[in-house]
Structures are given as C-alpha cells and as structure tokens.
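Any value given below was found using the heavy atoms of this structure, including those in side chains, with hydrogens, waters and symmetry copies removed. In listed order, ligands and their atoms are each counted from 1.
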Amino acid sequence: MIPFNKPPVTGLELSYIEEAIKSNKLCGDGGFTRKVSELMESKFNAHKVLLTPSCTASLELAAILIDASENDEIIMPSYTFVSTANAFALRGAKIVFVDVDADTMNLSIDAVQRAITSKTKAIVPVHYAGISCDMDKLMALAQKNNIWVIEDAAQGVMAKYKTDYLGTIGHIGCYSFHETKNYTSGGEGGALLINDKELLQRAEIIREKGTNRSQFFRGHVDKYTWQDIGSSYLPSEIQAAYLLAQIENAENINMKRLSIWQQYYEALKPLEQAGHIKLPYIPAFSTHNAHMFFIRLNSQDIRSSLIAHCKAENILTVFHYIPLHSSPAGKKFGRLHGEDNNTTIESEKLLRLPLFYNLEKNEVESVINSILLFFKKSD
Ligand SMILES: *Cc1c(COP(=O)(O)O)cnc(C)c1O
C-alpha cells in the first residue's frame with residue numbers, strides 16, 4: 001500500500017529528544033525551543049518566531065493579538081482548512097469568505113478588494129500548496145485600508161514570494177508543523193511569526209497565559225503577573241527537539257520533495273496536453289516548496305473513478321476542503337462575498353497524490369503508472 005502521507009524522519013530526532021529528556025526540563029521555552037526558534041529566525045530572516053502547539057493555536061493567538069471582535073470582518077478564502085476561520089469565529093468576528101483564482105486556488109485579489117468595508121479588520125491569505133499569494137498587491141490593499149494581514153502559511157514553510165519567505169511578509173505569519181506538513185515537531189506543532197515589532201510584547205504575554213513571564217525570565221521585570229487575556233500556547237521541549245532535527249535538515253527535505261513533485265509534473269504532462277487533467281500553476285513570483293502535488297480532473301465523477309482505480313492498485317489519493325461558506329458553521333459565522341465562480345467547482349475536481357519525504361522513486365513511478373493506465377483505459 002502506498003499511503004497518502006508518512007511523517008518525515010531524517011535521523012537526529014531521537015537523539016535530540018533523548019537530550020531534551022536528560023536536560024530535566026521539558027516544559028516550553030527551554031533550550032531546544034530557543035535553538036530552533038533562532039535557527040528559523042536567521043534562516044527565514046524573520047523578526048521573531050514563537051513556537052506554538054499548532055497552526056490552529058497560532059491563528060487563535062493572532063486573532064486575540066489584533067483584538068478581533070463582534071464588530072469586525074475578517075476576509076479569507078472559502079477554500080481553506082477550518083482553523084483559518086475558526087480562530088476568528090472564536091472571537092465573535094464575522095467571517096467574509098471570498099472566491100479563489102482557478103489557476104492557483106489562492107484567494108482572488110479582486111474579490112478581496114470588493115469585499116473590503118469599514119469593518120474589515122484583517123485579511124488572511126492562505127498560501128495553498130506552498131504556492132504564494134500575490135503579496136505585493138495584498139499588502140498594498142491592506143496598507144491603503146489600514147487592515148492587518150495574517151498569513152496562513154501552514155503549508156508554506158521554506159517557500160517564497162519573490163525573495164521573502166512566506167510567513168514573513170504580512171504583519172503576522174502562522175506555520176504548521178503537523179505531521180502532514182513539510183516539517184513536523186513530532187505530529188503536532190506550529191509557530192507564530194511576528195513581523196510587526198509593535199506586536200511582539202503582547203504576543204509573548206498572550207502566549208504565556210496572559211502573563212509577562214517571558215520578560216521576567218529575561219530579567220526585564222522582577223516579578224511576573226497577570227497582564228491580559230491569554231492561554232497556554234507553548235509546545236514542549238520534546239516537540240522542539242524533534243523540530244530542530246527537521247529544520248536543520250530543511251534544505252534536504254525541501255529538495256527531496258521538489259524532486260518528487262517534478263517527477264510527477266514531467267510524467268503527467270502528456271495527460272494535460274491530451275486535455276485529461278490540469279497540472280499545478282506556479283506564478284513567476286512564487287518559489288514553492290512542493291507541499292502538495294494536486295491535479296484537477298475534468299469532473300467530480302472522473303475524480304471518484306480515479307480514486308477508486310488507485311485504491312484498487314493500493315494507492316491512496318485524497319481530496320479536501322468542502323468550501324467553508326457552504327459548511328454549517330461557515331453559514332453561521334460567515335458569508336460569501338461576491339460570486340463563487342471557482343471555489344466549489346474547482347474543489348470538486350481537485351485530487352492530491354502521495355507526496356512525502358520518505359516516498360521512494362519507484363513508488364512515485366507506481367502512482368504515475370496507475371494514473372496513466374486509468375486514462376489509457378478511458379481513451
Ligand atoms: C494544516 C493547516 C492548518 C492547521 O494546522 P495545525 O498545525 O494542524 O493546527 C491551518 N491552515 C491550513 C491552510 C492548513 O493547511
């Protein structure tokens with residue numbers, strides 16, 4: 001069986017975890033957290049990286065940080081994971097979903113522009129499949145209207161917009177280290193990137209249960225106390241230790257993923273030329289990270305047949321994202337602004353192929369051959 005995903009393991013994870021255990025300090029913000037945060041700050045040229053338990057937690061922290069509340073509207077694509085919206089719904093804010101562009105499945109800048117009102121507090125671009133949104137246009141729109149930009153870069157670690165790493169461009173960036181993402185901190189994990197220096201002090205307080213404990217540990221205050229609302233947004237040292245092994249190996253993991261992605265792309269090109277499928281499109285400003293290899297079929301029925309065909313050949317392929325604006329909670333906490341020209345129809349045709357660090361070249365070939373066979377039979 002070729003699974004859809006296996007969490008990446010590069011070699012040093014176990015020895016780092018052992019080191020963490022021997023240090024007799026396993027709670028958050030210990031040596032491994034400091035090491036991996038600083039490594040990411042220098043690698044990604046990020047002002048401040050704060051580890052969190054998940055990208056979901058990062059988004060929730062970001063929503064508290066910008067004071068999202070009942071009177072606010074938050075613009076985001078309908079085609080995304082629930083956490084993007086849930087974080088702001090938790091604060092009582094109204095979610096304004098917009099359509100995506102059909103070529104990238106990233107939010108449509110024109111749709112965002114039309115959705116902005118005096119109540120708009122933030123835009124949350126999602127870099128789908130690690131392929132960048134058009135950040136210059138988005139940042140210009142945000143600046144003109146005095147709106148926050150919070151990048152959901154869950155899928156975008158190591159990918160770039162022009163020369164900047166994703167997650168470092170908006171005022172705030174959110175990463176995921178869940179086991180299905182390119183790098184993991186042992187199953188669950190995330191990070192919050194604070195790019196607007198003004199936000200840092202309060203972000204640290206919210207992350208430390210609403211206290212100024214981080215300042216206390218740095219010796220900036222002589223006691224710590226309750227300052228603000230907050231929660232526990234620190235991962236353990238075990239998670240940080242796992243993540244350090246992954247980030248130290250980031251180039252290696254990235255190259256391996258990109259080579260698998262390229263192998264799929266080259267081999268499936270004839271199917272695109274024959275009009276059977278649509279391959280991913282990478283805009284010139286985007287350097288992607290091979291987070292995902294997805295194809296678009298000509299219809300939902302063909303997708304179902306292809307999934308069944310692959311399954312019979314012991315290959316797992318999956319699709320995702322029922323558009324949030326048509327989900328029960330999406331209807332309750334939000335609304336679609338403008339037309340749904342692409343979101344629903346494209347989401348029904350999209351299929352993701354196995355792509356993970358330890359996937360072997362011959363396994364990729366099996367997936368490719370299985371897909372080629374499917375279309376040969378249908379010709
Ligand atoms: C995976 C993902 C999340 C959630 O990440 P967790 O670390 O599992 O909380 C949020 N947004 C997007 C776009 C994702 O792909």
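Under the 3.5 Å distance criterion, the side-chain polar atoms of Arg296 are matched with a main-chain donor or acceptor of Ala102. Here the side chain of Glu179 pairs no donor or acceptor atom with the backbone of Thr184 at under 3.5 angstrom.
Heavy-atom contacts of Ser54 reach the following atoms of ligand 1: 7 (O), 9 (O) (cutoff under 4.0 Å). Within ligand 1, the atoms closer than 4.0 Å to a non-hydrogen atom of Thr56 are 4 (C), 6 (P), 9 (O), numbered from 1 in the order shown. Using a 4.0 Å cut-off to heavy atoms of Val126, the atoms of ligand 1 that qualify are 13 (C). The atoms of ligand 1 that sit less than 4.0 Å from any heavy atom of Asp152 are 10 (C), 11 (N), 12 (C), 13 (C).
Atom CG of Asp101 and atom OH of Tyr128 lie 14.0 Å apart (nearest 0.5 Å). We find the CZ-CD distance between Phe81 and Gln155 to be 10.0 Å, quoted to the nearest 0.5 Å.
In summary, of the residues considered (Tyr265, Phe293, Trp261), a ring-ring contact (aromatic ring centres under 6.0 Å, His included) with His288 occurs for Trp261 alone.
For the pair Gly189 and ligand 1, a heavy-atom separation below 4.0 Å is found.
Here the two rings, on Phe177 and Tyr183, have centers that are 6.0 Å apart or farther.
Ring geometry for Phe216 against Tyr224 counts as tilted: the plane angle lies between 30° and 60°, on a 0 to 90° scale.
Looking only at protein heavy atoms, the nearest one to atom 7 (O) of ligand 1 is Ser176 OG, 2.7 Å. Looking at atom 3 (C) of ligand 1, its nearest protein heavy atom turns out to be Phe81 CD2, 3.5 Å. At the shortest separation from atom 14 (C) of ligand 1 among protein heavy atoms lies Ala154 CB, 3.4 Å.
By heavy-atom distance, the residue among Lys181, Glu179, Met292, Gln155 lying nearest atom 2 (C) of ligand 1 is Lys181.
When heavy-atom distances to ligand 1 are checked against a 4.0 Å cut-off, Tyr321 comes that close only through its side chain, counted from C-beta outward.
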